[in-house]
Structure formats: C-alpha cells, structure tokens
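Please read the structure below before turning to the comments.
Please read these numbers as outputs of a predicted model, since none were measured by experiment.
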Amino acid sequence: MSTTTTLLNGLPPASRDRMMKVATEVFLPAGTRVFEEGQRADRFWIIRTGTVVLDLHVPGRRAATVETLGPGDLLGWSWLLPPYSWHLGAEAKTAVEAVRFDATIVRALCEADPAFGKALSLRVAQVVAERLQNTRVRLLDLYGPYGGEPGRRV
C-alpha cells in the first residue's frame, strides 16, 4: 500500500476526525482543470474515485504528464509550504469524487496543535518523497543508459 493511500489512516484517530470535520465532498467532471502551475495553492484533495493527471508546463508544447493519481491519493501538497503556489498543474482525467480541504483551515489546525501539525506534515512529506522516487524511476526509464553496465555512468 502506498503512503498516499494511507495519508489520513496514518494519523491518530482524533487527528483523522479533526480533518474530516473540515472536509467537503466534491465532484469534478472529466476534463476539469483542478489547478494550474504557479497559481495559489489554497486547498487539497483526497481522491475517492476517478483519476487525476498531474502535468508540467512545457513552453511551446503540450503539458507533459508527470503522474496519474487515483483513489486514496493525495492531490496537492504545495499548500503546506510557502509561497503556497502549485508546482504542477492537474486535470481530472475521468470523473472524480474527492474530499476537499481548505488549506488555510488545515494550517490553522496544525498551528493550534503542534503534534497534529507534525504528524500531518510527516505524512505529506512521505507522499512527496514517494512521488519524487517514482519520478526518478520514470526519468531513468526514459533517459537512462540501455545495455550499459550496472552502476556505470554515461
């Protein structure tokens, strides 16, 4: 099971309950631009059903797909770190049902309860680390040497 699937499950029950009290159920039709790279990151989601594509703006070309997220995944982590702007764009590939969280409210909860804030921040950091590793593997698949000796730099 990936860390993204266990974002809330990895929190103590009281913290999970606190998060769900400020959650809003949302529906995003297929093709909806959820957010754009560089815009203010003021919310985040946990996907219940459907898929969302994360993409990266490439000047003069169509946006490059970075990753596809699905049920249980955290959509958006840029809300946690200043300057609170999206590092990627996101689009609903299929119809999506998700739970949306207002970042300002969640950050206030984190400030009011440092233990909760630390637990949530660590969970989000695990998601970011997992995605960074997945991206690294994809880049090696795309640009790594084929047929070379293991461990040999090209």
Hey, any chance Leu122 and Leu8 share a hydrophobic cluster, counting ILVMFWY side chains that come within less than 4.5 Å of each other, even indirectly? no
Exam field: side chain Arg18 to backbone Val106, donor-acceptor pair closer than 3.5 Å: no
Closest non-hydrogen atom pair between Gly50 and Pro71, with its separation: O-CD, 3.5 Å
Can you check whether Asn134 reaches Glu67 side chain to side chain, under 4.5 Å on heavy atoms? yes
Please tell me if the side chains of Trp86 and Arg40 come closer than 4.5 Å, counting only heavy atoms from C-beta onward. no
Check: Arg16 side chain, Leu11 main-chain N or O, donor-acceptor pair, under 3.5 Å: yes
Which value, rounded to the nearest 0.5 Å, describes the distance between Tyr84 atom OH and Ser78 atom OG? 11.5 Å
Is there a side-chain contact between Leu74 and Arg131 in this structure, where contact means two heavy atoms from C-beta onward sitting under 4.5 Å apart? yes
Interatomic distance, Asn9 atom CG to Arg123 atom CZ [nearest 0.5 angstrom]: 8.5 Å
Does a side-chain heavy-atom distance below 4.5 Å link Thr49 with Val96? no
Working to the nearest 0.5 Å, report the span between OG of Ser85 and CG of Asp42. 11.5 Å
Less than 4.5 Å apart, side chain to side chain, heavy atoms only: is that true for Leu69 and Val53? no
Is the closest side-chain heavy-atom distance between Arg33 and Asp55 below 4.5 Å? yes
Is Glu37 reaching over with its side chain to a backbone N or O of His57, donor-acceptor style, under 3.5 angstrom? yes
Verify same cluster id: Phe27, Val52 (apolar side-chain graph, 4.5 Å): no
For Ala64 and Val58, the nearest pair of non-hydrogen atoms, with its separation, is CB-CG2, 3.9 Å
Please report the shortest heavy-atom distance between Ala103 and Ala41, naming the atom on each side. CB-O, 4.4 Å
Worked verdict on Phe35 versus Trp45 for side chain to side chain contact (heavy atoms under 4.5 Å, CB included): CA-CA 11 Å; Phe35 52 82; Trp45 302 258; 3.6 Å; yes
Under 3.5 Å, is there a donor-acceptor pair between the side chain of Thr32 and the main chain of Leu28? no
Could you measure the distance from the SG atom of Cys110 to the CG atom of Leu80? Nearest 0.5 Å is fine. 7.0 Å
Interatomic distance, CG@Leu109 vs CG@Leu120, rounded to 0.5 Å, equals 9.0 Å
Side chain of Thr94, backbone of Thr51: donor and acceptor closer than 3.5 Å? yes
Taking Glu25 first and then Arg48, would you say they form a salt bridge - that is, a charged N and a carboxylate O separated by under 4.0 Å? yes
Applying the 4.5 Å side-chain criterion to the ILVMFWY set and letting contacts propagate, would Val128 and Phe101 be lumped into a single cluster? yes
So, the side chain of Asp73 versus the backbone of Gly70: is there a donor-acceptor pair under 3.5 Å, distance only? yes
Any Thr24 side-chain heavy atom under 4.5 Å of Val99 side chain: no
Please give me the minimum heavy-atom distance between Pro29 and Ala92, naming the atom from each residue. O-CB, 3.6 Å
Drop me the distance from Thr65's OG1 to Glu91's CD, to the nearest 0.5 angstrom. 9.0 Å
Is there a donor-acceptor contact under 3.5 Å from the side chain of Trp77 to the main chain of Val127? no
